[in-house]
A.B. asks: 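I'd like to ask you about the structure that follows.
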Amino acid sequence: MFRRTENFKEYLYAYPVISSIVGINLLLWIITGLFSNPLGNSIYQWGAGVNLLISYGEYWRLFTPVFLHAPGSISHVLFNCFSLVIFGPALEQMLGKLRFILIYLLTGIIGNAVTYVLDPYSFVSHIGASGAIYGLFGIYLFMVLFRKHLIDAANAQLIVIIFIVGIILSLFSANINLTAHLAGAVAGFVLAPLFLLKAQPFSIYRNKRPKEREGDTGFDPNRWKKRPYGRRTNKKLILWIIIAVLVLIGIYDYMT
């Protein structure tokens, strides 16, 4: 479910919504954070979530922060994009493209809206896709408790552990919008029954790419079972190492 076996081309074909969101996040971060320039500064100042400005009628700031990330923090954008790449595909398939993008945006907006309601006159800016990502985790948590046929025990345990660790890190890290994280997760959990109607368990077989020409063998659903040439690598170990490194980078970045 969370083990990515697709190559880059297959991933783009199977999960176009996730791919587009990640592409937008990275592009905007490059423009606003990697190079100092008037365009990037204008986009950031126009789109960052600032509650005081929202109270003056700039309501688009409930939406635009979902696609912006801290200009001076590569770990912020990479951690969020990595989370989307790993945990987003299963939901994009299970919910369908339209429902997925709708729940993603709704939970992100709700996280920003609750942040605004609790402190409407704050001038501190808040940005990031974390509220929407926690919204996805909220849906997974609903599956763990009430739709057990949609998620196996091992992946359910993984979701619970990552969610708890994420909340703990949010509590003890600086510059974290904990309100958006919790509100996004609650929103995803509450909306899950509606969005999971007629949902079926994730299956790699439904990502089969159609044959492009006569005689093309197409997608082999058993290809990951074949032993590759040379020494076999432990992909699960590599995945956990990457997750651990990103978490450590995130902790260091937010603490400093």
Side-chain angles (χ1 to χ4, degrees), residues 1-2 15-25 28 47-49 54 59-70 76-118 126-147 150-151 155-156 158-171 173 176-197 199 202 246 250:
M1 191 174 189
F2 303 130
Y15 315 113
V17 175
I18 292 291
S19 301
S20 299
I21 294 174
V22 170
I24 292 171
N25 288 345
L28 287 176
I54 294 173
Y59 299 114
W60 66 81
R61 295 180 185 271
L62 296 172
F63 165 77
T64 50
V66 177
F67 298 97
L68 295 175
H69 292 82
H76 189 206
V77 65
L78 284 183
F79 191 81
N80 282 343
C81 288
F82 180 79
S83 299
L84 274 172
V85 167
I86 297 299
F87 299 104
L91 278 181
E92 179 173 342
Q93 184 194 96
M94 295 165 70
L95 301 180
K97 298 176 180 59
L98 180 59
R99 283 192 292 177
F100 178 85
I101 188 62
L102 184 58
I103 191 66
Y104 181 83
L105 294 178
L106 271 177
T107 52
I109 291 171
I110 289 172
N112 291 329
V114 173
T115 300
Y116 166 72
V117 170
L118 293 181
H126 52 88
I127 52 175
S130 300
I133 292 172
Y134 272 87
L136 304 185
F137 278 102
I139 298 178
Y140 281 125
L141 289 174
F142 184 87
M143 291 185 199
V144 172
L145 294 175
F146 303 110
R147 297 290 189 275
L150 293 177
I151 185 169
N155 285 317
L158 177 63
I159 285 293
V160 172
I161 291 173
I162 291 180
F163 179 78
I164 293 175
V165 170
I167 293 298
I168 292 175
L169 289 178
S170 298
L171 286 171
S173 301
I176 291 290
N177 189 352
L178 177 62
T179 299
H181 290 188
L182 293 175
V186 171
F189 189 90
V190 171
L191 293 171
L194 175 63
F195 281 82
L196 288 174
L197 288 174
F202 174 80
L246 286 175

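When a residue number appears, it is its place in the shown sequence, counting from 1.
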A.B. asks: Please check if the side chain of Thr64 supplies one atom and the backbone of Gly47 the other of a donor-acceptor pair under 3.5 Å.
C.D. replies: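 Checking the backbone N and O of Gly47 against the side chain of Thr64, a donor-acceptor pair under 3.5 Å is found.
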A.B. asks: Measure the CD1-OG distance between Ile133 and Ser83 for me, rounded to the nearest 0.5 Å.
C.D. replies: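 Between atom CD1 of Ile133 and atom OG of Ser83 there are 5.0 Å.
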A.B. asks: With Tyr104, which of Leu95, Val66, Val17 fulfils side chain to side chain contact (heavy atoms under 4.5 Å, CB included)?
C.D. replies: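 Exactly one option meets the side chain to side chain contact (heavy atoms under 4.5 Å, CB included) with Tyr104, and it is Val66.
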A.B. asks: So, for Asn25 and Ala129, which heavy atoms are closest and what is the spacing to 0.1 Å?
C.D. replies: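 In this case the closest contact between Asn25 and Ala129 is ND2-CB, 4.4 Å.
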A.B. asks: What distance do Asn112 atom CG and Ile54 atom CD1 have between them, rounded to the nearest 0.5 Å?
C.D. replies: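 Going from the CG atom of Asn112 to the CD1 atom of Ile54 covers 7.0 Å.
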A.B. asks: Between Leu150 and Ala199, which heavy-atom pair has the shortest distance, and what is it?
C.D. replies: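 Heavy-atom minimum between the residues: CD2-O, 3.6 Å.
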A.B. asks: Are Pro65 and Trp60 close enough that some pair of their side-chain heavy atoms sits under 4.5 Å apart?
C.D. replies: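 Pro65 vs Trp60: side chains apart.
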A.B. asks: Quick check against the 3.5 Å criterion: does Arg99 have a side-chain atom that pairs as donor or acceptor with the backbone of Phe195?
C.D. replies: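 Pair found, side chain donor or acceptor close to backbone of Phe195.
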A.B. asks: Check step by step if side chain to side chain contact (heavy atoms under 4.5 Å, CB included) holds for Met94 and Met1.
C.D. replies: CA-CA 11 Å; Met94 295 165 70; Met1 191 174 189; 3.8 Å; yes
A.B. asks: Do you know which of Phe2, Phe202, Tyr134 makes ring-ring contact (aromatic ring centres under 6.0 Å, His included) with Tyr140?
C.D. replies: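 Of Phe2, Phe202, Tyr134, ring-ring contact (aromatic ring centres under 6.0 Å, His included) with Tyr140 is met by Phe2 alone.
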A.B. asks: Considering only heavy atoms from C-beta outward, does the side chain of Ile139 approach that of Leu196 to under 4.5 Å?
C.D. replies: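 Yes - at least one pair of side-chain heavy atoms lies under 4.5 Å apart.
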A.B. asks: I want to know whether Tyr59 and Phe63 have ring centres closer than 6.0 Å.
C.D. replies: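 Not under 6.0 Å, so no.
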A.B. asks: Let me confirm one number: the CG-CG distance from Leu106 to Leu191, rounded to the nearest 0.5 Å.
C.D. replies: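 One gets 6.5 Å once the value is rounded to the nearest 0.5 Å.
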A.B. asks: Work out which heavy atom in Phe100 is nearest to a heavy atom in Ile18; give both atom names and the distance.
C.D. replies: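 Smallest heavy-atom distance, with atoms named: CZ-CD1, 3.2 Å.
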A.B. asks: Evaluate the criterion side chain to side chain contact (heavy atoms under 4.5 Å, CB included) for residue pair Ile101 and Ile21; output intermediate values, then yes/no.
C.D. replies: CA-CA 9 Å; Ile101 188 62; Ile21 294 174; 3.8 Å; yes
A.B. asks: Show the nearest heavy-atom pair for residues Pro193 and Val190, with the distance to one decimal.
C.D. replies: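 Reported closest heavy-atom pair: CD-O, 3.2 Å.
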A.B. asks: Applying side chain to side chain contact (heavy atoms under 4.5 Å, CB included) to Val77 and Leu28, what does each step give before you reach the verdict?
C.D. replies: CA-CA 10 Å; Val77 65; Leu28 287 176; over 6 Å; no
A.B. asks: Measuring from atom CG of Leu84 to atom OG of Ser19, what distance do you get when rounded to the nearest 0.5 angstrom?
C.D. replies: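 Those atoms lie 10.5 Å apart.
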A.B. asks: How far does CD1 of Ile24 sit from CG of Leu68, to the nearest 0.5 angstrom?
C.D. replies: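 It is 11.0 Å, given to the nearest 0.5 Å.
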A.B. asks: When rounded to the nearest 0.5 angstrom, what is the spacing between CG in Asn155 and CD1 in Ile162?
C.D. replies: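 With rounding to 0.5 Å, CG (Asn155) is 9.5 Å from CD1 (Ile162).
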A.B. asks: Locate the shortest heavy-atom distance separating Leu91 from Met143; write the atom from each residue and the value.
C.D. replies: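 The pair with the smallest heavy-atom distance is CD2-CE, 3.4 Å.
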A.B. asks: Which label fits Phe189 and Phe142: parallel for a plane angle under 30°, tilted from 30 to 60°, or perpendicular past 60°?
C.D. replies: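 Plane angle over 60°, so perpendicular.
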A.B. asks: Return the orientation label for the Phe137 and Phe87 ring planes: parallel under 30°, perpendicular over 60°, tilted otherwise.
C.D. replies: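 The rings of Phe137 and Phe87 sit tilted, inter-plane angle from 30° to 60°.
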A.B. asks: State whether a side-chain donor-acceptor pair under 3.5 Å links Ser130 with Asn177.
C.D. replies: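 Side-chain D/A pair, Ser130 to Asn177: absent.
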A.B. asks: With a 4.5 Å cut-off on side-chain heavy atoms, are Cys81 and His69 touching?
C.D. replies: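 They are not in contact (no side-chain heavy atoms under 4.5 Å apart), so the answer is no.
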A.B. asks: Heavy atoms only: give me the nearest Gly49-Ile127 pair and the separation to one decimal.
C.D. replies: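 Here Gly49 and Ile127 meet closest at N-CG2, 4.3 Å.
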A.B. asks: Taking Ala70's backbone N and O only, do any of them form a donor-acceptor pair with His76's side chain (distance below 3.5 Å, no angle check)?
C.D. replies: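 Yes; at least one donor-acceptor contact below 3.5 Å.
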